[in-house]
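Have a look at the structure below before the remarks.
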Number of protein chains: 2
Amino acid sequence: MLDRLGDRWSVLVVVALGKGAHRFRELQRAVPGISQRMLTVTTRRLVRDGLVRRTVHDTVPPQVEYQLTDLGLGFATMVDGLAAWSREHRPAINEARATFDAADQSPHPAATPTPRT
Amino acid sequence: MLDRLGDRWSVLVVVALGKGAHRFRELQRAVPGISQRMLTVTTRRLVRDGLVRRTVHDTVPPQVEYQLTDLGLGFATMVDGLAAWSREHRPAINEARATFDAADQSPHPAATPTPRT
DNA sequence: CCGTATCCCTTAGGATACTG
DNA sequence: CAGTATCCTAAGGGATACGG
């Protein structure tokens, strides 16, 4: 499944569905920036992997509902763990990036005695 | 960091470094299939994010060592959790895929039975 | 409303060659 | 050994238009 993680949209859709079942349009609004095409592609992939169940209500205006399966729920839980970790450590990462970027943007200052503090 | 997860090579490199420090070439061998270019790109990204520390030993044949920082170690732990989960559930996912694939390949047995081999 | 199919552009990333 | 730079192809993904 590490390859499914490599799929940015899949992760976001799973997170969105973790908050409850959604219809197609709802889901699109719940995942800002996703195009109609990618929503279709992503949902199909998730359904195929057994992480999401797709229910079609054959009403007058077509209505399709997407919800996590037990498997998908487990996956969502794992992803939430990752998300929590990333939130917790984002500051540290941002600091590391800032330090790194500052470092190689001053290639040749007369004296750069490792400016610390 | 969810975007770093979306980076397949980053994950694999972190996992490899989770087993100990490595030199450039060693790392390349430890991550089957990665090209020299992607190894460079990936390691730089990880160093920038503060997940990996890069140590240059200025010996006659250049020698560079990569190792996880504490931050990287925490990340590696999370990823291991994911990997464990995926291993545990791979059978279920494969079954779901097989079922799905079998389902939409026999839509209408009456005519045009989708000549497959 | 819920998709599917087409066009098209941007990017990831492999192969290769060269420097320190 | 450890990269860096260049080239080039394939895949990802947005915009749009059409079918059920």
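Here is the naming used below: chain letters follow the sequence lines, and residue numbers restart at 1 for every chain.
Comparing the end axes of the helix from dC1(C)-dG20(D) to dG20(C)-dC1(D), each fitted to five base pairs by superposing C1' atoms of four pairs onto the next four, gives an inter-axis angle of 40° (nearest 10 degrees).
The listed nucleotides are dG14(D), dC1(C), dG3(D); the one nearest the side chain of Arg54(B) is dG3(D). Distance from the side chain of Arg25(B) is smallest to dA2(D) among dG14(D), dG14(C), dA2(D).
Gln28(B) has its CD atom 10 Å from the P atom of dA2(D), to the nearest Å. Distance, Met38(B) CE to dA12(C) P: 8 Å, rounded to whole Å. Atom CZ of Arg8(B) and atom P of dA11(D) are 13 Å apart (whole Å). Taking atom CG of Leu39(B) as the reference point, atom P of dA12(C) lies 17 Å away to the nearest angstrom.
When each of Val56(A) and Arg37(A) is assigned the nucleotide of DNA chain C bearing its nearest heavy atom, the one mapping closer to the 5' terminus is Val56(A). If you find the closest nucleotide of DNA chain D to Glu26(B) and to Ile34(A), the one lying nearer the 5' end belongs to Glu26(B).
The base of dG14(D) lies outside donor-acceptor range of the side chain of Gln36(A), with no N or O pair under 3.5 Å.
Using a 4.0 Å cut-off on heavy atoms, the residues of residues 57-66 of chain A that approach DNA chain D are Pro62(A), listed by number.
Taking 4.0 angstrom as the limit, Arg44(A) places none of its side-chain polar atoms (N or O) nearer than this to OP1 or OP2 of dG3(C). For the OP1/OP2 pair of dC2(C) and a distance below 4.0 Å, the side-chain nitrogens and oxygens of Arg23(A) include at least one atom meeting the criterion.
Of all non-hydrogen atoms in Ser86(B) and Ala83(B), the two that sit nearest each other are OG-O, 2.8 Å. Heavy-atom minimum distance, Arg23(A) versus Tyr66(A): C-CD1, 4.5 Å.
The number of heavy atoms from other shown groups lying within 6.0 Å of CG (Asp70(B)) does not exceed 12. Within a 6.0 Å sphere centred on CD of Glu26(A), other residues, nucleotides and ligands contribute more than 12 heavy atoms.
Separating the CG atom in Leu17(B) from the CZ atom in Arg53(B) is a distance of 11.5 Å, to the nearest 0.5 Å. Here the straight-line distance linking atom CZ of Arg87(A) with atom CG of Leu82(A) works out to 10.5 Å at 0.5 Å rounding. Atom CG in Asn94(A) sits 9.0 Å away from atom CG in Asp49(B) (nearest 0.5 Å). The structure places NE2 of His22(B) at 10.0 Å from CD of Glu65(B), a figure rounded to the nearest 0.5 Å.
Under the side-chain contact (heavy atoms from CB on, under 4.5 Å) rule, Leu27(A) has a single partner from Val64(A), Thr43(A), Thr42(A), Ile34(A), which is Thr43(A).
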